[in-house]
Amino acid sequence: MAEELAAGKLLLDEPAEAVARLRINNPAKRNALDHDILDALAEVLPRLDRGIEVRCVIITGSEGNFSAGYDIGSISEQSLESDARALVAHPFHAAIEAIADHPWPTVAAISGDCLGGGLELAVTCDLRICAGEARLGMPPVKLGLIYGHTGLRRFLDVIGLARTKELFLTGKNIGARRASEIGLVQEVVGDDDLEGASVDLAAQIASNAPLSLKGNKRAIEMLNAHPVLRPQEEYELLELRESSLSSEDFREAITAFAEKRKPKWRGR
């Protein structure tokens, strides 16, 4: 049974052990992101950091689309500038930061349209799995907009300079195969297979050692953000590694390997 958030425009369920799934549910607008959905994402993600109870989060859409981006269609011409600025400035930023700051792995399961802010939302997730008929694109250049620098940085981190320019300067939508070629998504599956494949991927991730999941994600992000480590950052990374070597879970993994069984993780 899914929990309804944002008046039913965001659905939360747990499709596998230690896996939570957030489903954007605004199908009349191709799952466009409005204040309610964005506020709900920002509120619920910290709640999903519950010890080792939830170790992977899937974010996906409903009824064949991931998200067509900001809900700009409901903004009136008279209040266009102020409303658009308000949407982007707070609720979207808060939702994106909630995904970026989530300490556990996140997976975007992409189908149909994944455009604009919807694509940035997906890119903010750690991994992306994509249906074969999906369309991904960044249309700001067709709308007379300059995209926010924090969003542009996420794309540079994921697909590099040349591919980011391709997306943002042409404004064209690309298919799943091209998205895979440029590293925008990690896996492409059949449209009918997306739900099962995304849950399988998340369950595979969640089955791993909790301390390793959080620690490796933290280390990768720190190294990406700081190619040249300062002493305090290097110290933190060394402490992360040392903490894993002295953990109960590491000892349990060694014992389980010797006994030819699955480890029973405790997250400590």
Side-chain angles (χ1 to χ4, degrees), residues 10 15-16 19-24 30-33 37-38 41 45 48 54-69 92 95-139 147 150-160 162-164 166-168 172-206 208 213 216-217 220-221 224:
L10 185 67
V19 174
R21 178 170 54 192
L22 293 167
R23 190 184 299 276
I24 302 165
R30 293 182 298 154
N31 296 329
L33 303 169
I37 295 169
L38 294 167
L41 282 168
L45 277 157
L48 295 177
V54 175
R55 302 197 290 274
C56 188
V57 177
I58 301 169
I59 300 179
T60 191
S62 63
E63 298 193 24
N65 288 305
F66 184 81
S67 174
F92 184 75
I96 290 292
E97 288 303 305
I99 297 169
D101 292 342
H102 194 67
W104 299 97
T106 53
V107 174
I110 301 169
S111 60
D113 287 341
C114 182
L115 308 173
L119 183 53
E120 184 183 345
L121 192 153
V123 164
T124 306
C125 293
D126 298 306
L127 297 173
R128 287 158 294 286
I129 185 170
C130 183
E133 297 302 316
R135 299 190 313 151
L136 302 88
M138 265 293 170
Y147 209 75
T150 54
L152 289 168
R153 171 59 64 188
R154 297 187 199 283
F155 284 87
L156 286 167
D157 286 343
V158 170
I159 59 174
R163 303 313 188 191
T164 299
E166 177 185 341
L167 275 183
F168 282 87
K172 68 180 182 181
N173 296 333
I174 62 174
R177 173 187 263 181
R178 180 62 176 156
S180 178
E181 288 174 351
I182 67 175
L184 192 57
V185 301
Q186 282 82 27
E187 185 177 357
V188 178
V189 298
D191 287 26
D192 294 337
D193 301 324
L194 179 65
E195 182 167 341
S198 62
V199 172
D200 288 347
L201 174 61
Q204 178 185 358
I205 292 168
N208 292 318
L213 290 174
N216 283 323
K217 176 172 175 173
I220 291 166
E221 290 176 346
N224 187 56

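Heavy atoms only: backbone and side chains are in, while hydrogens, waters and symmetry mates are out. Sequence positions, counted from 1, serve as the residue numbers for this chain. Keep in mind that this is a model prediction, so the values were computed, not measured.
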Mind checking what makes ring pair (Phe, Tyr, Trp, His ring centres under 6.0 Å) contact with Phe168, not counting sequence neighbours? Tyr147, Phe155
Heavy-atom side-chain contact between Met138 and Glu166 under 4.5 Å: no
All salt bridge (Lys or Arg N to Asp or Glu O under 4.0 Å) counterparts of Lys172, not counting sequence neighbours: none
Sequence neighbours excluded, the answer for salt bridge (Lys or Arg N to Asp or Glu O under 4.0 Å) partners of Glu63 is none
Would you check, one step at a time, whether the test side chain to side chain contact (heavy atoms under 4.5 Å, CB included) holds for Val19 with Val107? CA-CA 10 Å; Val19 174; Val107 174; over 6 Å; no
Shortest non-hydrogen contact between Ala176 and Val188, atoms and distance: O-CG2, 3.6 Å
Considering all heavy atoms, the nearest Ile37-Ala32 contact: CD1-O, 3.4 Å
With a 4.5 Å heavy-atom cut-off, do Phe66 and Leu119 have their side chains touching? no
Any side-chain heavy-atom pair from Val57 and Trp104 closer than 4.5 angstrom? no
Enter the distance from Leu45:CG to Thr106:OG1 here, rounded to the nearest 0.5 Å. 8.5 Å
For the backbone of Cys114 and the side chain of Ser67, can you confirm whether one donor and one acceptor N or O come within less than 3.5 Å of each other? no
Between Arg154 and Glu97, is the closest basic N to carboxylate O distance under 4.0 Å? yes
Once you round to the nearest 0.5 Å, how far does CD of Gln186 lie from CG of Leu201? 9.0 Å
Selection residues 101-115 - residue pairs positive for salt bridge (Lys or Arg N to Asp or Glu O under 4.0 Å), sequence neighbours left out: Arg30-Asp113, Asp113-Arg135
When rounded to the nearest 0.5 angstrom, what is the spacing between CG in Asn31 and CG in Leu115? 11.5 Å
Could you tell me the separation between the CG atom of Leu156 and the CZ atom of Arg153, rounded to the nearest 0.5 Å? 5.5 Å
Roughly how far apart are Ile205 CD1 and Cys56 SG, rounded to 0.5 Å? 4.0 Å
Using the side chain to side chain contact (heavy atoms under 4.5 Å, CB included) rule, take Leu22 and Ile58 through it: C-alpha gap first, then chi angles, then the decisive distance, then the call. CA-CA 6 Å; Leu22 293 167; Ile58 301 169; over 6 Å; no
Before you tell me yes or no, could you show the steps for Leu184 and Ile174 under side chain to side chain contact (heavy atoms under 4.5 Å, CB included), namely the whole-Å CA-CA distance, both residues' side-chain angles and the distance that decides it to 0.1 Å? CA-CA 10 Å; Leu184 192 57; Ile174 62 174; 4.1 Å; yes
Residues at least two apart in sequence or cross-chain that pass side-chain hydrogen bond (donor to acceptor under 3.5 Å, both in side chains) with Asn208, listed by chain then number, are none
Minimum-distance pair of heavy atoms, taken over all atoms of Asn173 and Gly137: OD1-CA, 3.5 Å
Could you tell me if the side chain of Glu120 sits less than 4.5 Å from the side chain of Ile99, heavy atoms only? no
Could you report the tightest heavy-atom contact between Ala109 and Thr60, atom names first, then the distance? O-OG1, 2.9 Å
Crowding at CD, Glu181 (>12 non-hydrogen neighbours, <6.0 Å): yes
Here the side-chain hydrogen bond (donor to acceptor under 3.5 Å, both in side chains) pairs for residues 187-205, sequence neighbours left out, are Arg21-Glu195
Might you point out which heavy atoms bring Ile129 and Ala197 nearest each other, and give the distance in Å? CD1-CB, 3.7 Å
Any donor-acceptor pair under 3.5 Å from Thr124 side chain to Ile96 backbone: no
Between Leu167 and Leu136, does a side chain to side chain contact (heavy atoms under 4.5 Å, CB included) hold up when you go through it step by step? CA-CA 9 Å; Leu167 275 183; Leu136 302 88; over 6 Å; no
Reported CG-to-CZ distance for the pair Leu121 and Arg128, which is rounded to 0.5 angstrom: 11.0 Å
For residues Leu194 and Ala131, report the shortest heavy-atom separation together with the two atoms involved. CD1-N, 4.0 Å
